[in-house]
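Below: the structure, in C-alpha cells.
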Amino acid sequence: MNFKRRNFLKKATLGSLATVIGADIVYGELMPKNYKPLALQDPDPFKLFHKDADMTVLNSKPWNIEAKAHLLDDKVTPNKFMFIRNNGLIPENIDAESWTLTFDGESVKNTKTYTLAELKSKFKQYSYQLTLECGGNGRSEFNPPAKGNQWTIGAVSCATWTGVRLKDVLADVGIKDDAKYIGYHAADVHLSRDPEKEPISRGAPIAKAMQEETLLAFEMNGEAIPLAHGFPLRLIAGGWPASVSGKWLKRISIRNIIHDGAKMGGSSYRVPCKPVAPGEKVKDEDMCIIESMPVKSLITYPKTGAILSEGQKLNIRGHAWAGELEVSKMEYSIDFGSTWHLCTLEKPVNRLAWQHFAAAIEFPQKGYYEVWARATDSQGKSQPMLLPGWNPKGYLNNASHRIAIKIA
Ligand SMILES: Nc1nc2c(c(=O)[nH]1)N[C@H]1C(S)=C(S)[C@@H](COP(=O)(O)O)O[C@H]1N2
Ligand SMILES: [Mo]
C-alpha cells in the first residue's frame, strides 16, 4: 500500500470516527494508530450510575451490574448497591416536565394520557419496600450453562418505592370487562437502534396490576428514581420477576389477551411447565410464564471467608423473601445441611418486602465451616440446597446461600 492510499484510509476512518463523535477530530492526523478516542470508550459505570466500586459489571452493552451478598446488608437497598439490568440502551435527554403516560389497548374504554404532574397530583401516593429480583439471578450456576448475563446472587434489591397505585389510575382510565393483561412500553432503545423494535415489553395479569402494592413509581428511597432505574416513571410489581417492573414507562396497553410484547414468548422469562432433564429442548407451547418468584434468602453479614478466633460467637444476618408469599421460617446449618437451627425472623414491613433474619452461631472447634441458609415460605416450600430444576434460560435458581467461615 502506498503512502497516499494509507493517508486516504486514515482520513476515511477519521471521517467515520468524527461522525460517531459528532465533531471533527481536529488533530486527528496526529492521533496514534489504533487509538480509541476517550469519547468512544466506555464511561466509568461506577461514577455514571453512582454505584459502589465493589459492584460487578457483567456487561456494558447493555449495562448489567450486580451486587455481592455482603453489599446487600442494608435493610433498604440504597442506589449504590442496587443491581442494574438493562435489555437495551438507557434513553437520553429525558424531560420529566413533559413526560406523559398513555393507556391504550383493546380493553381500554378510551385511550387516555396523563402528564407525570397529573399522576402525582390527581392520585393518592403510597410508599412500599418492594423486593425486585431478576428472573435470571443465579443463572451462572446452571449446567449445561444458560446463555445470558451470568448473574451470581446479586440481582436482587429491596428499595422504598413511592408512587400512585396502578389500580387507582386504571379505575380513572376505565377498562373493559374483558381486560386480561397489562403490557408496558418504555422509552429505552433497542440495541440495534431500530426504532421499530422494543428491547423489552412485558406485563402482568390484571389481578397483579390491581394489587395495592403495584405502583406507577416516581421516587426511589425518597428521591427521584435514578436514571438507570427508570427515571422519571416506572412500573413496580414486587415479588414477580423484576422484568415485569418496566422502567422509563411511556405507555400501558390494557390487553384482552396475554400481552405479546418483546420477551413475553419463547424461552424469555418462561420455564418448562413440567420439569425437564438438563439440556433438554423444550417446545414453546410447553413453556409457562414465570409469575411469583420462589422462596430465597441471602446471608449479608459476614462476608464469605470471614476468620474468627476460637470461642468467638458469630452473629449472622440477612434477608429472605418469597415472591407473593411471606417467609415463615429461616434456618441455618453449619454441618452441610445435616442439622438445622432456627434464626430469628422479622415480619415484612409491608407485603412483598424482604424480611430480615439473624442468628448467633457457636462453633465446636477450630477449622473450616460453611454456614448455609434456608428459608421456608408460608406454604411450606423450602429452598433447595443446590441448583433446582434446570431450564433453558437459567431462571429461578433459589438454591441456599452459603458462606465460608474459618475458626483460627
Ligand atoms: N424499559 C425497561 N424496563 C426494564 C428493563 C429494561 O431493559 N427496559 N429490564 C427489566 C429487567 S429484566 C429487570 S431484572 C429489572 C431491573 O431493574 P433495575 O435495573 O432497576 O434493578 O428492570 C426491568 N425493567
Ligand atoms: Mo431481569
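Both counts, for ligands and for their atoms, begin at 1 and track the order of listing.
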Handout entry: Leu216 vs Ile252 side-chain heavy atoms within contact, under 4.5 Å
Key = yes
Problem - ligand 1 contact on Ile200 by region, counting heavy-atom pairs under 4.0 Å - result: side chain
Problem - Salt bridge Lys247-Asp188, side-chain N to carboxylate O under 4.0 Å - result: no
Practice task
Could you list which atoms of ligand 1 come closer than 4.0 Å to a heavy atom of Gly246?
Solution key: 3 (N), 24 (N)
Practice task
Decide whether an N or O pair under 3.5 Å exists between Trp248 and ligand 1.
Solution key: no
Handout entry: Top protein contact for atom 10 (C) of ligand 1, by heavy-atom distance
Key = Ser243 CA, 3.6 Å
Practice task
Flag yes if more than 12 heavy atoms outside Lys366 fall under 6.0 Å of its NZ atom; otherwise flag no.
Solution key: no
Problem - Ring-face cation contact, Tyr114 with Lys122, 6.0 Å cut, 45° max - result: no
Exercise for the section: Identify the protein heavy atom lying closest to atom 21 (O) of ligand 1, giving its residue, its atom name and the separation to 0.1 Å. Expected result: Phe83 O, 2.7 Å
Exercise for the section: Run the salt-bridge test on Glu324 and Arg351 with the 4.0 Å N-O cut-off and return the result as yes or no. Expected result: yes
Fill in the blank from the handout: The answer for which part of Ser245 has a heavy atom under 4.0 Å from ligand 1 is backbone
Handout entry: Glu346 bridged to Lys75 by N-O distance under 4.0 Å
Key = yes
Problem - Tyr269 contact mode with ligand 1 (heavy-atom cut-off under 4.0 Å) - result: side chain
Practice task
Using a strict 4.0 Å threshold on nitrogen-to-oxygen distance, state whether Glu106 and Lys176 make a salt bridge.
Solution key: no
Practice task
Pick whichever of Met82, Arg234, Lys263 has a heavy atom sitting closest to atom 17 (O) of ligand 1.
Solution key: Arg234
Problem - Salt-bridge criterion met for Lys124 and Asp168 (N-O under 4.0 Å) - result: no
Practice task
Check each atom of ligand 1 against the heavy atoms of His229 and keep those under 4.0 Å away; list them by number with element.
Solution key: 18 (P), 19 (O), 20 (O), 21 (O)
Problem - Within-cut-off N or O pair, Cys134 and ligand 1, under 3.5 Å - result: no
Handout entry: atom 8 (N) of ligand 1 - nearest protein heavy atom and its distance
Key = Asp188 OD2, 2.6 Å
Exercise for the section: Find all atoms of ligand 1 within a distance of less than 4.0 Å from any non-hydrogen atom belonging to Ala186, and give their numbers and elements. Expected result: 1 (N)
Practice task
Indicate yes or no: does Asp73 engage Arg317 in a salt bridge with an N to O separation below 4.0 Å.
Solution key: yes
Exercise for the section: Using atom types as modelled and distance alone, determine if a side-chain donor or acceptor of Glu66 lies under 3.5 Å from a backbone N or O of Thr152. Expected result: yes
Handout entry: Per-atom contacts of ligand 1 with Asn86, taking only distances under 4.0 Å to non-hydrogen atoms
Key = 7 (O)
Practice task
Would you mind running through ligand 1 and noting each atom that sits below 4.0 Å from a heavy atom of Asn87?
Solution key: 5 (C), 6 (C), 7 (O), 9 (N), 10 (C), 12 (S)
Handout entry: Ligand-side contact atoms (ligand 1) for residue partner Ile84, heavy atom cut-off under 4.0 Å
Key = 19 (O)
Problem - Closest candidate by heavy atom, reference atom 15 (C) of ligand 1, pool Ala242, Ala187, Ser268 - result: Ala242
Fill in the blank from the handout: the protein heavy atom lying closest to atom 13 (C) of ligand 1 turns out to be Arg85 CG, 3.6 Å
Fill in the blank from the handout: Closest to atom 19 (O) of ligand 1 among protein heavy atoms sits Lys247 NZ, 2.6 Å
Problem - Check: Val57 and Trp63 side chains under 4.5 Å, non-hydrogen atoms - result: yes
